[in-house]
Protein chains: 2
Amino acid sequence: MMRLTRRQQQIYDILRSDADMMQRPPTYDELCHRLGLSSRGSLHKHIQALVMAGLVEPMAGKQRGIRLVSAEQQEQGIPMLGRIAAGYPIEAVEQTEKISVPDAMAGSKPRYALQVSGDSMIDEGIFDGDYVVIEQSAAADNGDIVVALIDQQETTLKRIEQKPGKIILHPANAAMSPMIYKADQIQIQGILRGLIRYY
Amino acid sequence: MMRLTRRQQQIYDILRSDADMMQRPPTYDELCHRLGLSSRGSLHKHIQALVMAGLVEPMAGKQRGIRLVSAEQQEQGIPMLGRIAAGYPIEAVEQTEKISVPDAMAGSKPRYALQVSGDSMIDEGIFDGDYVVIEQSAAADNGDIVVALIDQQETTLKRIEQKPGKIILHPANAAMSPMIYKADQIQIQGILRGLIRYY
DNA sequence: AGAATAGAGAACAACAGGAGAACAAACAAG
DNA sequence: CTTGTTTGTTCTCCTGTTGTTCTCTATTCT
């Protein structure tokens with residue numbers, strides 16, 4: 001995270017103490033007065049720096065729009081474990097990262113999110129960069145799209161077909177072929193329950 | 001939940017305290033008087049804001065129709081307006097329906113959700129049954145995927161290309177062709193900002 | 001000196017909040 | 001049912017506030 005200057009730290013502290021008191025967010029003029037500033041323009045630059053640092057939500061023109069990115073908000077949601085790309089282990093990101101999902105996507109069983117890398121499921125409408133919500137599970141039904149660990153090494157997102165003794169992983173990309181494994185080569189790590197994409 | 005302004009909070013408090021006292025809902029004129037307003041028009045805007053925030057039920061012309069939405073009913077999320085299918089107007093569903101979306105998908109401008117019907121955007125990974133999050137807007141940049149109203153009649157989800165005097169709507173389906181319209185045939189109703197799919 | 005940092009202040013655009021007219025739907029009285 | 005009043009809705013216009021963007025100046029630090 002970006003390093004804060006003295007002024008930015010000071011502003012952030014004021015915003016935080018205000019938030020604790022459940023007050024409505026201050027206007028620029030109010031903040032200026034409390035800081036001893038006489039120019040909103042100067043303050044604006046500092047606020048922008050805080051937005052860049054991710055400590056404050058961007059306020060698109062709204063009045064009294066200064067909003068802290070509250071600790072609560074950061075804790076809500078499901079853990080974002082990393083990026084999943086066919087052919088590689090899951091590339092972990094910072095443990096603490098979380099992403100917010102629709103309520104209906106937060107089921108009773110533990111779930112986590114992964115960001116998809118690559119086009120192996122493109123025919124199922126799962127694109128590079130999309131977020132997938134995975135329900136932790138060691139078993140799946142045939143036809144489910146699962147996160148599968150292959151030979152204890154690489155992880156991939158594929159549609160699964162389980163036959164006695166063997167497991168077939170179907171990519172959804174006309175340019176790729178299904179892969180056939182022995183049952184003990186594959187460990188199911190979770191089942192796809194939802195997909196989220198931002199434009 | 002959307003943020004309330006001073007006045008809106010004040011009005012909401014009055015409505016709530018009235019409800020506690022089992023009184024019948026006030027008329028606009030009564031409310032105006034208690035608030036020191038002299039224009040019903042001004043009050044109406046505030047009430048509408050409360051409706052949008054999901055704190056008050058929409059009152060379709062009824063007199064003394066201001067009804068609070070009970071705390072349990074106050075689902076957070078964005079309104080789910082209906083299904084959108086190429087070639088038909090938006091098929092409206094119950095006004096009250098809402099769906100929950102990731103926080104990051106609830107922007108500062110008003111947004112709503114539609115359920116996609118049909119395969120016209122399948123090559124973009126937008127499938128039948130998916131939910132799309134639309135930002136209300138009458139203008140869009142070239143290349144944006146928009147909800148477009150054609151000839152005041154049918155509504156569709158397409159990628160837009162605006163040229164002087166004409167507008168081209170590109171489906172994302174190899175089996176369909178782009179459609180060319182005069183600029184005044186098309187009204188942009190919103191821009192695609194997010195996609196949600198359940199498995 | 002030169003670059004980064006802070007601030008002042010003007011000018012602008014977006015927004016909140018209100019006034020009032022005109023209209024239409026709802027209601028009440030005859 | 002008809003009439004007139006109340007009441008909700010829509011519209012345009014106005015005002016002061018507030019966020020944003022500039023340019024210019026001063027300060028600090030290497």
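Keep in mind that what you see is a predicted model, and the values were worked out from it rather than measured. Below, chain A is the first sequence line, B the second, and so on; all start at residue 1. The figures here come from the full heavy-atom set of this structure, side chains too, leaving out hydrogens, waters and symmetry mates.
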Note to self: If I take atom CZ in residue A:R40 and atom P in nucleotide D:dT21, what distance separates them, rounded to the nearest angstrom?
What the structure shows: 13 Å
Next item on the list: Would you tell me if any nitrogen or oxygen in the side chain of B:S38 comes within less than 4.0 Å of OP1 or OP2 on C:dG18?
Entry: no
Note to self: Expressed as a whole number of angstroms, how long is the span from A:Y28:OH to C:dC15:C1'?
What the structure shows: 14 Å
Check: Between B:D29 (CG) and C:dA19 (P), how many Å, whole number?
Finding: 13 Å
Note to self: How long is the straight-line distance from CG of A:L192 back to OH of B:Y198, given to the nearest 0.5 Å?
What the structure shows: 12.5 Å
Item checked: Where at least one partner belongs to residues 115-124 of chain A, residue pairs that pass salt bridge (charged side-chain N to carboxylate O under 4.0 Å, His left out), sequence neighbours excluded -> A:E124-A:R159
Next item on the list: Could you pick out which residue, B:Q48 or A:S39, lies toward the 5' side of DNA chain D when each is mapped onto its nearest nucleotide?
Entry: B:Q48
Item checked: Under-4.0 Å side-chain N/O to phosphate OP1/OP2 contact, B:H44 with D:dT9 -> yes
Item checked: Pairs involving residues 187-199 of chain A, ordered by first then second residue, that meet salt bridge (charged side-chain N to carboxylate O under 4.0 Å, His left out) (sequence neighbours left out) -> A:D130-A:R197, A:E135-A:R193
Distances for protein N or O near nucleotides 22-27 of chain D N or O, under 3.5 Å:
none

Margin query: Suppose we screen for salt bridge (charged side-chain N to carboxylate O under 4.0 Å, His left out). Which residues come up paired with A:D151, at least two apart in sequence or across chains?
Written below: none
Next item on the list: Name the closest nucleotide to the B:T27 side chain, picking from D:dG8, C:dG7, C:dA19.
Entry: D:dG8
Item checked: Minimum-distance nucleotide to B:Q8 side chain [options: C:dG17, D:dT18, D:dT10] -> C:dG17
Checklist line | Pairwise side-chain contact, A:I186 with A:I150, heavy-atom cut-off 4.5 Å (strictly under) | finding: yes
Next item on the list: List in chain and number order the residues that pass salt bridge (charged side-chain N to carboxylate O under 4.0 Å, His left out) with B:D13, two or more places apart in sequence or in another chain; answer none if no residue qualifies.
Entry: B:R16
Check: Per the end-axis method with five pairs at each terminus, what is the bend angle of the helix from C:dA1-D:dT30 to C:dG30-D:dC1, to 10°?
Finding: 30°
Note to self: Without decimals, in angstroms, what is the distance between A:I47 CD1 and D:dG19 P?
What the structure shows: 9 Å
Next item on the list: Measure the spacing between CD of A:Q187 and CD1 of A:I167 and express it to the nearest 0.5 Å.
Entry: 10.0 Å
Notebook entry, point to check: Expressed in angstrom and rounded to an integer, what is the separation of A:L43 atom CG from C:dG7 atom P?
Noted result: 9 Å
Next item on the list: Spell out, yes or no, whether B:V132 and B:Y112 are grouped together once hydrophobic residues are joined by side-chain heavy atoms under 4.5 Å, including indirect joins.
Entry: yes
Note to self: Would the base of C:dG17 count as contacting B:R7 through its side chain, where contact means a donor and an acceptor less than 3.5 Å apart?
What the structure shows: no
Next item on the list: Check whether any side-chain heavy atom of B:L195 lies under 4.5 Å from a side-chain heavy atom of B:M121, and answer yes or no.
Entry: no
Note to self: Rounding to an integer number of Å, can you tell me how far B:H46 NE2 sits from C:dA19 P?
What the structure shows: 10 Å
